Amino acid sequence: MMADEFRIDSHKLIFHPLRVSKWLSGEKIYPIYAELSPSGACNHRCTFCALDYMEYKPRFLDTALLKERLTEMGRLGLRSIMYGGEGEPFLHKDIGDIIVHTKRSGIDVGITTNGSC
Ligand code: SF4
C-alpha cells in the first residue's frame, strides 16, 4: 500500500479491518501499535540522539506501574509494542519480565536495540 498524505505506511491496517471500519465511521478507537522507551539510558553516545540533548541522565520506567499499564493497554485493544525510543531497552534491569508480561497481556513485542549490551 502507498503512504498517504501524512506519510503513514498503512500496510498494517489491512490486518485490522474492524478497527479501521470503526475509525472511518468516526468512532473513537484504541491504537493497535505503540512505541515505548523503558530505558532513558544508553551505552552508546550517538550525537543525533535525544539522549545526547538530555545529557544521558539515566531514567527507567517503574516496572510495577508499567506492567499495570500493559495489562490495561492489552485489554483495551493494543496489539503490538516496539520497545526502543531514546534509550537502550536492554539496559532496563526488568526487561525480560516486562517482555513476558507484555506477551501475556496479548501484545506482540518488537525491540530496537543497538545490539551491544
Ligand atoms: S539510544 Fe540509540 S541512537 Fe541513542 S545513543 Fe543509544 S544507540 Fe545511539
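Since we're looking at a predicted model, the values are computed, not measured. Read the numbers this way: they start at 1 and go in the same order the structure lists the ligands and their atoms.
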Does [Y] offer a backbone N or O that forms a donor-acceptor pair with the side chain of [X] under 3.5 Å?
{"X": "Arg19", "Y": "Tyr30", "result": "yes"}
{"X": "Glu88", "Y": "Asn114", "result": "yes"}
{"X": "Thr102", "Y": "Ile107", "result": "no"}

Partners meeting salt bridge (Lys or Arg N to Asp or Glu O under 4.0 Å) with Asp97 (sequence neighbours left out):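 If we apply the salt bridge (Lys or Arg N to Asp or Glu O under 4.0 Å) test to Asp97, skipping adjacent residues, the hits are Lys67.
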
Any side-chain donor near an acceptor of the partner, Ser80 and Asp108, under 3.5 Å: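 No - no donor-acceptor pair under 3.5 Å links their side chains.
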
Polar contact flag, side-chain donor to acceptor under 3.5 angstrom, His101-Thr71: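 Their side chains do contain a donor-acceptor pair, which is all the 3.5 Å distance test asks for.
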
First-shell residues of ligand 1 [heavy atom, distance under 4.0 Å]: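 The 4.0 Å shell around ligand 1 contains Cys42, His44, Cys46, Phe48, Cys49, Gly87, Asn114.
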
